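These notes concern the structure reproduced below.
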Amino acid sequence: MLRFACSPTADLSLESLRLALMNFVVAMQRNEGFVIRIEDTDQKRNIEGKDAEIVALLELFGITYKDVLYQSKNFKFHSAMAIDLLHRKKAFNCFCSLEELEAKKKKAKEQKRLYSYDGSCEQLPAEEVIDNPKPFTVRIKKPTKNISFVDRVQGELSFSPEEVDSFVILNVDKTPAYDFATAVDDMLSDISVVISSEEQIESAPKQIYVRSSLGYDKAIEYAHLPPMLEADTDTKSLLQEGFLPQAIANYLLTLGTNDSERIFTLEEAKEHFNLAKIGKTAVKFDKERLREINKEHLLRLDDKELSRFVGFADAQIGALAKLFVDSAGTTRELKREIQRIFSKKEIPQKYASTAATLKKIICQAPYFGEYENFIQHLKKESALEERELLTALQLLISGSTDKVEPKEIYPHIKNYIKEIVSC
RNA sequence: GGCCCCAUCGUCUAGCGGUUAGGAUCCCAGGUUUUCAUCCUGGUUACCGGGGUUCGAGUCCCCGUGGGGUCACCA
């Protein structure tokens, strides 16, 4: 089983989306299930409805899942396991106040050394623990030897007992702390591989230690990806800008690899994506590159489907839109191009009279299925010189002279020609 | 600040002591194909800096510099 874990406290970032996609693809590759886990243990910070929004976005990107799990529903397991650790003297109650801890941290910082819990409450006599009215947290006793594991991206990693530390597993309100809840949930969900971001590296040894303390000996494989830089945009804005979900997914899955067969659907990613190819170097989010990939996906889109993005339900308009993909890389820009054709045009003074003549002819003309016949008719009726005629026609159709030519456009718009020149 | 990670064309990368430093993409030039998509040929552009080790260093070591991470009763 693989999972995508996210807290319902913020929008789905591109980095998170990338992780979700990778976990999903690897689940497909390994023929394992995939679940979404909402990490909602901090009730104060949760944003109403954010969980549903994130799930809907993931669906939009083509991710399918077995289940959406809420971490808060596992509180009873978290407490039970914390109590188990307490009974087995692998954890202890800690009565230190926040102020005391804060002071010790500050001191450690001043002395420029690593802060770790000093163990004040670890050896308290039993009676002092039982009768103590002070609020308390539960801490796991730090390991006695290094915690080591092999990370699929980072290589061999080893953490000292001080780095793992006697960290809090139950907060003072007895909700589980992050590393503990995650470690337990991964165990309960039978997670096999975790792909997450570099910032979670220090969490891994803690979680490994929690599970081994609980006697769970299945090793979870970790892969901590290097960060994605300069992603000064988010998932929702990219979609609003007119980038296709399949293009965004494609881009995020190729980032950090050198896959030259770079255009693929999420289904095809099963073949193309290779976690082992991801290096330790940070990657830059490059919107220009995404645009190029988006163009490829636009061209691969079914004509009729594409036409819906630009406000029509006609395959011909979709095909028409594809003519503009060279300069317009997003559905939003394509829509602008199509709208330009279907709206009233400003004809430059120089061509005003020619255009008016042509317009009149077109409005009275019969229907022509072929561009050649259409243009011959215009030539005959107007007696205009060819170059001038073409320029005026182009102005009438697209409102500009520097885009795609009438010859290419006509086959797709022949049914709309009178509407377009606004008869 | 302590600890950890990283550094090759604009971008994504190959390279694991000896290469004219390769590919993809973008860009430019030219050419095929008069449905569209496409496709082909050529061109420009890179080893962060400084010291070592070595016959030889993008590659190994050290020091800088730059970027990133982490150091919660947040997730």
Side-chain angles (χ1 to χ4, degrees), chain A residues 5-10 16 37-46 71 94 96-98 101-102 105 108-117 135-139 151 153-155 157-160 162-163 165 167-182 196-203 224-230 251 253-263 277-293 295-296 298-301 303 315-316 318-326 370-372 404-405 407-412:
Chain A
C6 67
S7 60
T9 55
S16 300
R37 185 163 71 220
I38 307 291
E39 309 211 308
D40 58 348
T41 60
D42 188 1
Q43 313 274 356
K44 298 181 292 288
R45 297 197 339 171
N46 292 345
Q71 198 156 48
C94 173
C96 298
S97 70
L98 279 172
L101 294 171
E102 217 38 66
K105 276 176 207 164
K109 199 166 186 178
E110 275 162 11
Q111 294 175 350
K112 294 178 182 179
R113 58 177 174 81
L114 172 73
Y115 165 80
S116 63
Y117 182 69
F136 64 95
T137 60
V138 178
R139 287 178 185 269
D151 187 283
V153 174
Q154 308 292 332
L157 298 173
S158 186
F159 295 83
S160 70
E162 287 67 39
E163 286 173 297
D165 205 9
F167 60 95
V168 171
I169 59 174
L170 289 188
N171 298 326
V172 75
D173 63 1
K174 302 304 169 289
T175 56
Y178 168 72
D179 284 310
F180 186 63
T182 300
S196 67
S197 67
E198 196 183 69
E199 63 190 77
Q200 307 265 350
I201 287 181
E202 275 79 1
S203 268
H224 289 94
L225 300 200
M228 187 163 71
L229 273 27
E230 289 177 27
Y251 175 61
L253 285 170
T254 48
L255 251 192
T257 74
N258 65 329
D259 197 344
S260 55
E261 198 68 53
R262 53 182 244 292
I263 303 301
K277 282 213 165 182
I278 304 242
K280 291 164 94 167
T281 323
V283 290
K284 261 181 216 155
F285 177 83
D286 183 18
K287 204 188 260 188
E288 282 313 303
R289 182 98 189 268
L290 172 60
R291 270 179 78 87
E292 294 312 314
I293 290 175
K295 285 179 183 177
E296 300 282 353
L298 284 170
L299 294 171
R300 267 152 223 243
L301 221 50
D303 285 349
Q316 283 304 324
L320 172 67
K322 285 184 181 176
L323 298 179
F324 292 90
V325 165
D326 220 23
E370 298 294 322
Y371 174 74
E372 269 313 307
V404 189
E405 293 177 0
K407 185 169 86 175
E408 296 174 272
I409 299 180
Y410 186 78
H412 306 298

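All values derive from a computational prediction rather than experimental measurement. Chain naming here is simple, since letters A, B, ... match the order of the sequence lines and numbering starts at 1 in each.
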N-O pairing of A/Glu292 and A/Lys295 below 4.0 Å: yes

Nearest-Å distance once atom C1' is located in both B/rC3 and B/rG58: 28 Å

Shortest non-hydrogen separation from A/His224 to A/Glu198 and the atoms involved: CB-CA, 4.3 Å

Check: A/Thr182 side chain, A/Tyr178 main-chain N or O, donor-acceptor pair, under 3.5 Å: yes

Among B/rU25, B/rC6, B/rC12, the nucleotide that comes nearest once only the side chain of A/Lys284 is considered: B/rC12

Distance, rounded to the nearest Å, where A/Ile278 contributes CD1 and B/rA14 contributes C1': 15 Å

C1' spacing across the pair B/rA46 / B/rG22, given as an integer number of angstrom: 12 Å

Complementary nucleotide of B/rG17, counting Watson-Crick and G-U pairs under 3.5 Å: none

Proximal nucleotide (of B/rC6, B/rU13, B/rU25) relative to the A/Val283 side chain: B/rU13

Partners passing side-chain hydrogen bond (donor to acceptor under 3.5 Å, both in side chains) against A/Ser203 (at least two apart in sequence or in another chain): A/Asp179

Sugar-phosphate only, base, or nothing, as touched by A/Gly256 at under 4.0 Å among non-hydrogen atoms: sugar-phosphate

Listed pairs, N/O of protein and of nucleotides 47-49 of chain B, under 3.5 Å:
none

A/His412 to A/Gln316 - nearest heavy-atom pair and separation: ND1-OE1, 2.8 Å

Per-nucleotide protein contact string for nucleotides 68-75 of chain B (B base, S sugar-phosphate only, - none; heavy atom under 4.0 Å): SBS-SBBB

P-based separation of B/rG51 from B/rU44 [nearest Å]: 30 Å

Sugar-phosphate, base or nothing in reach of A/Lys112, heavy atoms under 4.0 Å: sugar-phosphate

Beyond-backbone contact of A/Leu299 with A/Lys322, side-chain heavy atoms, under 4.5 angstrom: yes

Interatomic distance where CD belongs to A/Glu292 and C1' belongs to B/rC12 [whole Å]: 13 Å

Nucleotide opposite B/rG2 in a Watson-Crick or G-U pair, distances under 3.5 Å: B/rU70

Greater than 12 external heavy atoms within 6.0 Å of A/Lys174's NZ: yes

A/Lys109 side chain near B/rG1 phosphate (N/O to OP1/OP2, under 4.0 Å): no

Sugar-phosphate only, base, or nothing, as touched by A/Glu110 at under 4.0 Å among non-hydrogen atoms: nothing

Heavy-atom donor-acceptor pair, A/Asp165 side chain to A/Phe167 backbone, under 3.5 Å: no

Pair A/Phe285 and A/Tyr251, ring centroids less than 6.0 Å apart: yes

Distance, C1' atom - from B/rC40 to B/rU45, rounded to whole angstrom: 22 Å

Touch class at under 4.0 angstrom, heavy-atom based, for A/Lys322 against every strand present: nothing

P gap between B/rG66 and B/rC74, integer Å: 35 Å

Atom C1', compared across B/rC61 and B/rU54: separation rounded to whole Å: 12 Å

Whole angstrom value for the distance that separates P of B/rA37 from CG of A/Leu320: 12 Å

Length of the line joining A/Leu225:CG and B/rU13:P, which is rounded to integer Å: 11 Å

Whole-Å P distance, B/rC9 and B/rC5: 22 Å

Touch class at under 4.0 angstrom, heavy-atom based, for A/Thr257 against every strand present: sugar-phosphate

Atom pair CG (A/Leu225) and CD (A/Gln154), whose distance is rounded to the nearest 0.5 Å: 8.5 Å

Whole-Å gap separating C1' (B/rU25) and CZ (A/Arg291): 14 Å

Nucleotide forming a Watson-Crick or wobble pair with B/rA7, both distances under 3.5 Å: B/rU65

Residue matched to B/rC60 through Watson-Crick or wobble contacts both under 3.5 angstrom: B/rG52

For atom CG of A/Asp286 and atom P of B/rU11, their distance in whole Å: 8 Å

Pairwise C1' distance for B/rU8 and B/rG49, with rounding to whole Å: 15 Å

Sugar-phosphate, base or nothing in reach of A/Leu323, heavy atoms under 4.0 Å: sugar-phosphate

Identified side chain to side chain contact (heavy atoms under 4.5 Å, CB included) counterpart of A/Pro176 within the set A/Val138, A/Ile169, A/Leu170: A/Leu170

